[in-house]
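Right, one structure below, let's go through it.
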Amino acid sequence: MRLLTLVVIFASFYMAFCEKARFDNYRVYSMIVENEEQLRILQELENHRDGIEFLESPNSIGDFTELIVPPHKLADINDLFEKYEIKSLAKSNNLQKLIDEEQPQFSSRATFSWEKYYDLDDIYKWLDEMLEEYPNELTNYNYGTSYENRPLRAIKFSRKSGNPLIFIESTIHAREWVTAATATYILNELVTSDDPEIKELADNYDWVIIPVFNVDGYSYTHSKNRLWRKSRSSNGLYPFCVGTDLNRNFDFHHAEAGASRNPCYETYAGTKPFSEKETQALAEFVSNFDNIKMYISFHSYGQMLLFPYGHTKSHAKNFHDMNAIGLKAKEGIKKRYGTNYIVGSIAEAIYLASGSSIDWAYAQRNVSLTYSFEFRDARNGNYGFILPANFIIPNAVEVLDGLKAMTKQAKSLKYF
Ligand SMILES: [Zn+2]
């Protein structure tokens, strides 16, 4: 019996191990699309692929694009870069090595900490422990279920009634692991910290935090493919192209720019606005709160603080205030470890992207201040999405510094 159990355990471990995507000797390249010809050639490459995967799709000139190349395509891709004068930055010679080294080799603590990345079950277990320990300040919301029937959960933290509400939606993109770790870190600090500046945030604001919004995608990054971005819904006629980019699925200028109608693309916007269970559930959940003064979406990477609009370079009504608040955050973030953030509208600072959650919250839910953080790594950094776990705490601490500075400036501009 015992031997059989061992065999079963070994077999399931072997299966799970074998089914997981590996990236041995894959290289990661990033580039800015400089002209029409480069855009055409990169888009053609994305259509034909042959083992090459785009982490960031090239949608227009000026776009930051990132692709991973298997060893047998390296010569071809370098020829292509040379021919079209594409100035690429080779970021890693062996993507699998980055993935293998992302988690600490030895974890010293048995309980939940911010020294390693956790999967969804562990995060939900930790939320339950927090709810049990702080029942007066924390409220649990199961606000829906995902395509694969996982619970969608949020936690509200409130110390007194009448506070303005800051809403944090994290991990809409599955592979951005540091976002879930940062969201849980911030919740923990708000609840437990004695630091006067954090207490100020905890006492005078309500917080609703969704630590992992794209629960199916996040689970998939842990079990099958570390680099998965989208949801896990099926796209009918395209059985090999699973998932929708949830951050292109919201109901504001849906699929107009910087989003794809092709289900095989990373930025696939879905068949229509709110075609996905997750975005529908979020929209309904958000409408339960009438005191949201700031809506923040956590992403990685690129070290940016972005605000509306994404569908156009035209400036939003309170562009100058959002920019001023963003610049204060930049200052606050930099003070701690010198980390440099770029501040600007989505369309101007990064790329055109329509149908995002922050554009929707701003334009359709009338939240006057909405932001997307793009956490560490830097664009030209070595790690990209695969940020080693020892950066979780420094990242979270500086983001919290940014939030302190943002709320202070927003208050002085009378948003709270
Ligand atoms: Zn993202």
Side-chain angles (χ1 to χ4, degrees), residues 28 30 53-59 63-68 117 120 167-183 209-222 225-232 243-250 252 255 257-260 265-270 276 278-279 282 295-311 341-347 349-362 370-379 381 383-387 391-392 395-396 399 402:
V28 184
S30 68
E53 290 291 336
F54 280 74
L55 296 179
E56 301 280 353
S57 297
N59 287 311
D63 276 5
F64 175 77
T65 296
E66 191 168 72
L67 44 91
I68 53 178
Y117 294 104
L120 187 71
F167 195 104
I168 293 180
E169 154 243 297
S170 174
T171 328
I172 193 169
H173 289 141
R175 63 195 175 199
E176 299 167 6
W177 280 10
V178 70
T179 58
T182 302
I209 298 179
I210 297 175
V212 181
F213 175 57
N214 180 2
V215 288
D216 294 346
Y218 187 69
S219 299
Y220 193 76
T221 59
H222 283 268
N225 183 346
R226 175 64 188 86
L227 292 165
W228 191 257
R229 167 186 171 99
K230 298 191 279 182
S231 70
R232 292 294 305 162
T244 292
D245 184 347
L246 298 174
N247 205 34
R248 300 290 185 279
N249 192 236
F250 287 82
F252 184 65
S260 180
Y265 278 49
E266 290 289 277
T267 49
Y268 176 52
E276 304 304 294
E278 294 83 357
T279 50
L282 180 73
Y295 183 104
I296 302 175
S297 182
F298 281 174
H299 293 256
S300 74
Y301 65 93
Q303 293 172 197
M304 294 180 183
L305 186 55
L306 309 168
F307 50 82
Y309 292 116
H311 71 288
Y341 264 60
I342 293 165
V343 176
S345 77
I346 302 169
I350 180 166
Y351 44 44
L352 287 168
S354 55
S356 73
S357 65
I358 70 157
D359 269 9
W360 163 79
Y362 180 80
T370 71
Y371 289 91
S372 268
F373 269 91
E374 294 281 354
F375 295 156
R376 296 186 187 197
D377 196 8
R379 273 239 172 127
Y383 306 112
F385 297 108
I386 321 293
L387 192 70
F391 289 104
I392 293 173
N395 179 77
V399 168

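As the structure is a prediction and not an experimental result, all values here were calculated from the model. Whatever order the structure lists ligands and atoms in, that order sets their numbers, starting from 1. We're numbering straight along the sequence, starting at 1.
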### Task
Please name the atom of H173, restricted to N, O or S, that is closest to the Zn ion (ligand 1).
ND1
### Message
Within the structure provided, determine whether H173 and N247 are in side-chain contact (heavy-atom separation under 4.5 Å).
### Response
yes
#### Entry: Within-4.5 Å side-chain heavy-atom neighbours: F213 and L282
yes
#### Entry: the Zn ion (ligand 1) contact by E176, N, O or S atom under 2.8 Å
yes
### Query
Do side-chain atoms of R175 reach the backbone of L55 as a donor and acceptor pair under 3.5 angstrom?
yes
### Name of the H299 atom (N/O/S only) found closest to the Zn ion (ligand 1)
ND1
### Task
Run through R232, K230, E276 and flag the one making a side-chain hydrogen bond (donor to acceptor under 3.5 Å, both in side chains) with T244.
E276
